[in-house]
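Presented below is the structure to which this report refers.
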Amino acid sequence: MNEYIIVTDSSGDLGEELVRELDVSVLPLSFLIQGKTLKDYPDKRDMSPKEFYQLLRDGEMSTTNAVNMYQYEELLTPVLEAGKDVLILSFSSGLSATCQ
């Protein structure tokens with residue numbers, strides 16, 4: 001068992017298989033399209049990239065939201081309480097509010 005975990009958000013665009021292989025924890029960014037808020041999970045369960053890009057081609061607009069503090073707290077609290085270290089790899093502060 002590792003003494004640390006690696007955490008990233010879905011901006012890293014890691015596929016489901018790679019996430020499992022590397023044992024990385026991924027916090028999904030959310031996006032709003034067609035009046036619905038969806039999450040960008042590695043397995044793309046909320047919406048496939050093909051469907052997403054077709055909606056954009058059809059004129060739909062999309063906005064994104066950063067991972068919120070509660071999501072980080074929920075994931076990191078038990079890890080830190082277990083005495084493990086955490087390496088967080090997030091999107092650039094120039095492109096996203098996620099690292100805040």
Side-chain angles (χ1 to χ4, degrees):
M1 182 183 228
N2 290 334
E3 296 300 314
Y4 63 92
I5 68 165
I6 298 173
V7 176
T8 190
D9 58 53
S10 58
S11 69
D13 203 24
L14 300 176
E16 183 179 16
E17 187 176 311
L18 189 57
V19 168
R20 273 196 310 272
E21 181 183 324
L22 298 175
D23 194 25
V24 174
S25 295
V26 178
L27 291 168
L29 297 170
S30 58
F31 60 100
L32 178 70
I33 194 163
Q34 292 186 312
K36 297 181 282 189
T37 299
L38 305 171
K39 291 193 176 180
D40 182 26
Y41 293 102
D43 64 5
K44 307 303 183 199
R45 70 185 87 153
D46 279 4
M47 181 178 284
S48 73
K50 183 177 180 177
E51 182 181 0
F52 176 78
Y53 287 110
Q54 185 59 54
L55 288 170
L56 294 181
R57 281 190 291 278
D58 292 343
E60 291 290 335
M61 296 296 292
S62 179
T63 57
T64 59
N65 294 314
V67 175
N68 66 48
M69 287 301 295
Y70 175 75
Q71 290 171 284
Y72 274 108
E73 249 180 57
E74 189 175 51
L75 174 66
L76 299 178
T77 298
V79 172
L80 295 171
E81 286 176 349
K84 291 186 176 186
D85 291 324
V86 178
L87 173 62
I88 299 175
L89 303 171
S90 67
F91 215 32
S92 163
S93 64
L95 299 172
S96 173
T98 299
C99 75
Q100 293 175 1

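Small disclaimer: the values here were computed from a predicted structure and weren't measured. Only heavy atoms go into these numbers, but all of them, side chains included; no hydrogens, no water, no symmetry mates.
Under the side chain to side chain donor-acceptor pair (under 3.5 Å) criterion, K39 pairs with no residue at all, not counting sequence neighbours. Residues passing the side chain to side chain donor-acceptor pair (under 3.5 Å) test with T8: none are found, sequence neighbours excluded. Under the side chain to side chain donor-acceptor pair (under 3.5 Å) criterion, D23 pairs with no residue at all, not counting sequence neighbours. Residues passing the side chain to side chain contact (heavy atoms under 4.5 Å, CB included) test with S48 are K50, E51, sequence neighbours excluded.
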Quick one: side chains of residues 52-60, donor-acceptor pairs under 3.5 Å with protein atoms, not counting sequence neighbours, listed by atom name and distance.
unit_1 : atom_1 : unit_2 : atom_2 : d
Q54    : OE1    : R57    : NH2    : 3.2
Q54    : NE2    : D58    : OD1    : 2.9

Ignoring hydrogens and angles, write down the donor-acceptor pairs under 3.5 Å from the side chains of residues 73-81, residues two or more places apart or on other chains.
unit_1 : atom_1 : unit_2 : atom_2 : d
E74    : OE2    : Y70    : OH     : 3.2
T77    : OG1    : E73    : O      : 2.8

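Hydrophobic clustering (ILVMFWY, side-chain heavy atoms < 4.5 Å, transitive): I6 and V86 are in distinct clusters. Following chains of ILVMFWY side-chain contacts shorter than 4.5 Å, one cannot reach L38 starting from L32, and the two form parts of different hydrophobic clusters. I5 and I88 fall within a single hydrophobic cluster, where Ile, Leu, Val, Met, Phe, Trp and Tyr are joined by side-chain heavy atoms under 4.5 Å apart, directly or via other members.
Remark: E17 CD is loosely packed, at most 12 non-hydrogen atoms of other residues, nucleotides or ligands lying under 6.0 Å away.
L87 CG to Y4 OH: the interatomic distance, rounded to the nearest 0.5 Å, is 8.5 Å. With rounding to the nearest 0.5 Å, the separation of CG in D40 from CG in D13 is 7.0 Å.
Contact check for V67 versus L29: side-chain heavy atoms found under the 4.5 Å cut-off. Residues L14 and P42 are not in side-chain contact: their nearest non-hydrogen atoms beyond the backbone lie 4.5 Å or more apart.
Closest approach of Q71 to L27, counting heavy atoms only: O-CD2, 3.9 Å.
Listed for the S62 side chain is no donor-acceptor partner under 3.5 Å among the backbone atoms of I33.
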